[in-house]
Each structure stands twice: as structure tokens, then as C-alpha cells.
Amino acid sequence: MNDFDRVAEKVDKKIRFYRNLMSYVLVNAFLAIINFLFTPEFWWVLFPVFFWGIGVVIDFFRAFVFADAFGDDYRERKIAEEMEKMKL
């Protein structure tokens, strides 16, 4: 994988995160309004907020925190390390 492909993959992950975040905020705001208007005694909207929120957090970590942690170069580095160990 060349440098352009790696950068393009990083950008795609960030775009995917921002789209998911935008959908999360808009849809859950709409659901909260519906919940408030029709069933204010039970806040069922917290279920999609919580579970979809887990997915948003995972997308964040994939896009910004662990973006390079386990890429193709990681695999190549680990193979080289294991080959060095085997020589000893």
C-alpha cells in the first residue's frame, strides 16, 4: 500500500466518523423530541442514544486514536521483529 492509499484510508475513516456523528446528533435529537411529546413518562430515547453512542465512540477511536496502530506497516514490523527473534 503506497502513501496515497494510506492517507486516503485515514481521511475516509475521519469522514465516516463525522457522518456517523452528524447522523447520531440529528436522529437522536428528533427521537428525543418525539419521546418528549408522546411519551414523556418513559425516556426510551436513552437506549438508542447509549448504544449508538458506543458505535460513535468506537468510530472516533478508529479514526483518531488507533488510526496507525494496526495498519499494514504494523504487520510488517511485527514480522521483522519475529524474524529477528528466531535468528537468536
Side-chain angles (χ1 to χ4, degrees):
M1 182 181 281
N2 62 25
D3 290 336
F4 178 80
D5 291 337
R6 285 189 198 138
V7 172
E9 187 177 334
K10 280 183 175 182
V11 170
D12 289 342
K13 285 180 183 180
K14 290 178 182 181
I15 289 171
R16 193 174 316 122
F17 165 72
Y18 286 124
R19 285 182 180 166
N20 193 8
L21 180 63
M22 185 174 58
S23 298
Y24 173 80
V25 170
L26 293 175
V27 170
N28 284 313
F30 181 70
L31 290 176
I33 291 169
I34 290 172
N35 191 172
F36 178 74
L37 292 176
F38 295 105
T39 55
E41 64 279 355
F42 177 65
W43 282 90
W44 52 263
V45 73
L46 296 178
F47 295 104
V49 166
F50 177 74
F51 290 108
W52 192 354
I54 292 171
V56 171
V57 169
I58 290 170
D59 278 349
F60 171 80
F61 279 104
R62 283 183 183 162
F64 295 100
V65 178
F66 299 117
D68 293 327
F70 300 108
D72 290 336
D73 57 340
Y74 174 80
R75 182 175 183 272
E76 292 168 9
R77 282 182 292 159
K78 289 300 175 185
I79 289 172
E81 286 177 15
E82 289 298 322
M83 289 178 70
E84 285 296 319
K85 287 179 187 177
M86 292 176 70
K87 288 181 185 178
L88 297 177

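- There is no path of hydrophobic side-chain contacts, each under 4.5 Å, that joins Leu26 to Leu37.
- The CG atom of Asp5 sits 13.0 Å away from the NZ atom of Lys10 when rounded to the nearest 0.5 Å.
- Judged as a side-chain contact (heavy atoms from CB on, under 4.5 Å), and not counting sequence neighbours, the contacts of Phe17 are Leu21, Val56, Asp59, Phe60, Ala63, Phe64.
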Please output the side-chain donor-acceptor pairs of residues 46-55 that fall under 3.5 Å, not counting sequence neighbours, one pair per line with the distance.
{"from": "Trp52", "atom 1": "NE1", "to": "Asn20", "atom 2": "OD1", "distance (Å)": "2.9"}

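- When the side-chain contact (heavy atoms from CB on, under 4.5 Å) test is applied to Ile34, the partners found at least two apart in sequence or on another chain are Phe30, Phe38, Trp44.
- Hydrophobic cluster of Val11: the remaining members, joined at side-chain heavy-atom separations below 4.5 Å, are Val7, Ile15, listed by chain and number.
- By the side-chain contact (heavy atoms from CB on, under 4.5 Å) test, Ile79 pairs with Arg75, Met83, sequence neighbours left out.
- Proximity of a side-chain donor or acceptor of Asn35 to a complementary backbone N or O of Leu31 within less than 3.5 Å is not detected.
- Applying the salt bridge (charged side-chain N to carboxylate O under 4.0 Å, His left out) test to pairs two or more places apart or on separate chains, none has a residue in residues 14-27.
- The pair Lys13-Glu9 counts as a salt bridge, with a side-chain nitrogen and a carboxylate oxygen less than 4.0 angstrom apart.
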